[in-house]
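Everything below concerns the one structure shown next.
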Amino acid sequence: MSKQFVIRNAVMCSVVILKKMVHVVVLIHLCLWHLVGVFADLDAEESVSVLEGDSVTLNSGLTKMMDDDLILWRFGYNKILIAKINVMASSITVYDDVLDGRFRDRLKVDHQTGSLIITNTRTEHTGLYQLQSNSVRKSFNLTVYARLPVPVISNSSNCSSSSSQQNCSLVCSVVNVGHVTLSWYKGNSSLSSISVSDLSISLSLPLEVEYQDKNSYSCVLNNPISNQTTHLNITQLCHTCSAVTEQSPSYPSDSVSLIVLVSAAVAGSLLMVAAVRIFCICRKHKKTYQQASECYRG
């Protein structure tokens, strides 16, 4: 056996072994990639926000359900079953009477993708939603935000205070809010703010401005997906204490006329009562005098 033949066989064996090793490495990478994808789906949690009253869709991520798919939708950390799709049995069931009817007439399921649709959402629908099927597992952290009221700006100045001679004291208020931030803005710059995470609480935020201030001020109430703004009208809300004092004694002409008429009527009534009383007293004295004169003559 020649030396060249041995070398050639050795090279061929090395090539075959190398090819097999490459195939094994590729197969290992494919398996790892598949496992990473599976565990990523298991651990994935998607945050979803919606405004109260609107509809929201929790997407399954599927373009089409497979013939053997069994899809389950659960709500809350207790994993309460709220929807079930059995493709092989051609059945779709929603359990909207659970949790005292919290989801009644609000749950729908997409017949093609298995996505869950919640209509006319309420804040009580906030929570964890979990999707489980043969091919995918997903979690959704849904937050339903209440619709925001319009902030109210009012004048809180006290004329007895020395600061009220130069500045106008204002307060911006809202009631029955939660998970919001209330802020004062001067133009586009934030001056002050207050945040709250509780539900159904009242907030107020003070501000002092000069009476002659020409800047633009606004009070803004916002949450992560919406906001309400009230613009300050300094001319309408802020009046100097001297102006308030000058205006305070004045009354509408109709009110003055009514006061005069009532006063005249009361005075007239008192005069009539006094006149009748004087007349009765005089008449009584006259009768007594006549009786005394007759007795003297007799």
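Computed from a predicted structure; not experimentally measured.
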Between [X] and [Y], is any pair of side-chain heavy atoms under 4.5 Å apart?
X      : Y      : result
Leu72  : Leu81  : yes
Trp73  : Leu58  : yes
Cys168 : Ser157 : yes
Ser190 : Trp184 : no

Just how far is it from atom [atom1] of [X] to atom [atom2] of [Y], taken to the nearest 0.5 Å?
X      : Y      : atom1 : atom2 : value
Thr93  : Asn86  : OG1   : CG    : 8.5 Å
Leu142 : Glu46  : CG    : CD    : 10.5 Å
Ser226 : Asp54  : OG    : CG    : 10.0 Å
Gln132 : Lys84  : CD    : NZ    : 11.5 Å
Ser173 : Leu203 : OG    : CG    : 9.0 Å
Ser135 : Met66  : OG    : CE    : 8.0 Å

- Query: Do Tyr211 and Asn167 pass the side chain to side chain contact (heavy atoms under 4.5 Å, CB included) test, and can you show the C-alpha distance, the side-chain angles, and the key distance before you say yes or no?
  - Reply: CA-CA 6 Å; Tyr211 288 106; Asn167 298 326; 5.6 Å; no

- Message: We want to know whether Ser169 and Glu208 form a side-chain donor-acceptor pair, criterion being a heavy-atom distance below 3.5 angstrom.
- Response: yes

- Item | Listed partners of Thr181 passing side chain to side chain contact (heavy atoms under 4.5 Å, CB included), at least two apart |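 Testing Thr181 for side chain to side chain contact (heavy atoms under 4.5 Å, CB included), a comparison that skips the adjacent residues, returns Ser183, Ser193, Ser195, Asn222.
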
- Message: If the condition is side chain to side chain contact (heavy atoms under 4.5 Å, CB included), which residues does Val87 pass it with, not counting sequence neighbours?
- Response: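 Side chain to side chain contact (heavy atoms under 4.5 Å, CB included) list for Val87, sorted by chain: Met65, Asp69, Ile85.
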
- Can you name the ring-ring contact (aromatic ring centres under 6.0 Å, His included) partners of Tyr129, sequence neighbours left out?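 Phe75.
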
- Query: Stepwise, does the side chain to side chain contact (heavy atoms under 4.5 Å, CB included) test hold for Leu182 with Cys172?
  - Reply: CA-CA 8 Å; Leu182 185 66; Cys172 181; 4.0 Å; yes

In residues 106-113, what donor-acceptor pairs under 3.5 Å come from side-chain atoms, sequence neighbours left out?
from	atom 1	to	atom 2	distance (Å)
Arg106	NE	Asn120	O	2.8
Asp110	OD1	Gln112	N	2.8
Asp110	OD1	Thr113	N	3.0
Asp110	OD1	Thr113	OG1	3.4
Gln112	NE2	Thr63	O	3.4
Thr113	OG1	Ser115	N	3.3
Thr113	OG1	Ser115	OG	3.0

- Task: Report the C-alpha distance between Leu191 and Tyr185 in whole Å, list the side-chain angles of each, state the deciding distance to 0.1 Å, and finish with yes or no for side chain to side chain contact (heavy atoms under 4.5 Å, CB included).
- Result: CA-CA 5 Å; Leu191 297 177; Tyr185 281 85; over 6 Å; no

Is a side-chain N or O of [X] found less than 3.5 angstrom from the main chain of [Y], in a donor-acceptor match?
X      : Y      : result
Asn59  : Gly61  : no
Asn155 : Leu237 : yes
His179 : Ser197 : yes
Asn233 : Thr235 : yes
Arg147 : Glu52  : yes

Where [X] and [Y] come nearest, the two heavy atoms and their spacing:
X      : Y      : result
His231 : Ser218 : ND1-CB, 3.6 Å
Ile71  : Ser133 : CG1-CB, 3.7 Å
Pro151 : Thr230 : O-OG1, 2.6 Å
Ser204 : Val171 : CB-CG2, 3.8 Å
Val175 : Ser202 : CG1-OG, 3.6 Å

[Y] reachable from [X] in the ILVMFWY side-chain graph, under 4.5 Å edges:
X      : Y      : answer
Leu128 : Ile80  : no
Ile117 : Leu51  : no
Val220 : Leu170 : no
Val196 : Leu148 : yes
Val177 : Leu205 : yes

- side chain to side chain contact (heavy atoms under 4.5 Å, CB included) between Tyr217 and Leu207, intermediate numbers included: CA-CA 10 Å; Tyr217 293 89; Leu207 176 71; 3.9 Å; yes

Contacts table for residues 97-105: side-chain donor-acceptor under 3.5 angstrom, sequence neighbours left out:
from	atom 1	to	atom 2	distance (Å)
Asp97	OD1	Arg104	NE	3.0
Asp97	OD1	Arg104	NH2	3.3
Arg102	NH1	Glu124	O	3.3

- Query: Taking Val144 as the fixed residue, which of Val50, Ile118, Ile225, Val56 is the one that meets the side-chain contact (heavy atoms from CB on, under 4.5 Å) rule?
  - Reply: Val50

- Item | Those residues that, when tested against Asp213, pass salt bridge (Lys or Arg N to Asp or Glu O under 4.0 Å) (two or more places apart) | none

